[in-house]
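Counting begins at 1 with the first residue of the sequence.
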Amino acid sequence: MSRVQLALNVADIDPAVEFYSRLFGTEPAKRRPGYANFAIAEPPLKLVLIESADARGVGVGGALNHLGVEVASPEEVTAATRRLAAQGLATDVEEGTTCCYAVQDKVWVSDPDGAPWEVYTVLADAPAETGLSGSGACCVSDEGEPVAIGAESGPADARCC
């Protein structure tokens, strides 16, 4: 199973959850302080909402946080990494990273305008958010070390799901 992910910055999580629940006719699959995600069956979409003071507008610091494609297994992330690298795209791989209340394997690429895309799989739920370290790293590995995203692909703290 694959589905597109859309991660949005929102100014206030509560009205955003209410709006998207109504829009897609479903409640969030996961809800934490300042965070919610929806696993929408039709259309197949993973919608992630991240509360942010900079949510107004478009671009970095605007409404778009990042984009992604959720896949079913680590093997699919590995296959995507190989395919993207073979196409000449710069990839940034993270394995066992805890972001957005989940342990994930993922690979990042950026479009020509710098929009960050991830291909990822969720390995396990995580009870606490450990991303967005004070060092500017996006996420934290399963050893607790910050994992930074390549500078050429945009600000690391804009992409953490």
Side-chain angles (χ1 to χ4, degrees), residues 1-21 23-24 26-41 43-55 59-74 76-78 80-81 91-111 114-150 153-161:
M1 182 241 1
S2 295
R3 61 181 163 201
V4 172
Q5 174 186 280
L6 173 61
L8 299 176
N9 294 321
V10 298
D12 188 339
I13 195 71
D14 294 325
V17 165
E18 182 179 336
F19 171 81
Y20 286 106
S21 294
L23 179 65
F24 292 109
T26 188
E27 294 299 313
K30 185 182 290 188
R31 181 80 193 263
R32 302 289 190 270
Y35 176 87
N37 79 43
F38 294 78
I40 300 161
L45 173 67
K46 180 69 156 272
L47 176 64
V48 177
L49 305 177
I50 302 166
E51 194 168 59
S52 170
D54 298 328
V60 174
L64 178 64
N65 188 283
H66 67 278
L67 303 157
V69 177
E70 183 179 17
V71 297
S73 70
E76 290 180 70
V77 174
T78 300
T81 302
T91 61
D92 195 350
V93 175
E94 297 178 12
E95 294 177 337
T97 297
T98 301
C99 280
C100 295
Y101 302 95
V103 180
Q104 305 170 2
D105 284 352
K106 58 178 78 182
V107 59
W108 291 96
V109 295
S110 293
D111 79 4
W117 277 87
E118 66 176 331
V119 176
Y120 72 100
T121 190
V122 174
L123 305 171
D125 195 42
E129 176 59 74
T130 57
L132 298 176
S133 72
S135 68
C138 173
C139 298
V140 179
S141 72
D142 49 352
E143 289 86 29
E145 295 299 315
V147 177
I149 306 301
S153 55
D157 62 348
R159 302 168 303 152
C160 192
C161 286

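Listed by chain and number, the residues in a side chain to side chain contact (heavy atoms under 4.5 Å, CB included) with P15 are D12 (sequence neighbours excluded).
At distances below 3.5 Å, not a single donor-acceptor pair connects side-chain atoms of D125 with backbone N or O atoms of A102.
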Going through the checks in order, is the side chain to side chain contact (heavy atoms under 4.5 Å, CB included) test met by F24 and F38? CA-CA 9 Å; F24 292 109; F38 294 78; 5.7 Å; no

Please step through side chain to side chain contact (heavy atoms under 4.5 Å, CB included) for the pair L6 and L67, ending with a clear verdict. CA-CA 5 Å; L6 173 61; L67 303 157; 3.6 Å; yes

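Scanning both residues, L123 and P74, for their nearest heavy atoms gives CD2-CG, 3.6 Å. Residue W108 comes nearest to H66 through the heavy atom pair CH2-CD2, 3.8 Å, listed as atom of the first residue, atom of the second, then distance. For N9 against L64, the heavy-atom pair with the smallest separation is ND2-O, 3.7 Å. When all heavy atoms are compared, the tightest approach of V119 to V71 is CG1-CG1, 4.0 Å. For the residue pair A11 and E51, the shortest heavy atom distance occurs at O-CG, 3.7 Å. The heavy-atom pair separating V77 from V107 by the smallest distance is CG1-N, 4.0 Å.
Classified by interplanar angle (parallel below 30°, tilted 30° to 60°, perpendicular above 60°), the ring pair Y101/Y35 is tilted.
Side-chain atoms of T98 and V103, non-hydrogen and from C-beta on, do get closer than 4.5 Å to each other. The shortest distance between side-chain heavy atoms of T97 and Y120 does not fall below 4.5 Å. Side-chain contact check for E118 versus Q104: some heavy-atom pair is nearer than 4.5 Å.
Within the model, atoms CD of E76 and OG of S2 stand 5.5 Å from one another, a figure rounded to the nearest 0.5 Å. Separation of atoms CG (L47) and CD1 (I40) is listed at 5.0 Å; rounding is to 0.5 Å. Taking SG from C100 and CD1 from I50, the interatomic distance works out to 4.5 Å, rounded to the nearest 0.5 Å.
Counting only residues at least two apart or on different chains, the salt bridge (Lys or Arg N to Asp or Glu O under 4.0 Å) pairs with a member in residues 65-74 are R3-E70, K46-E70.
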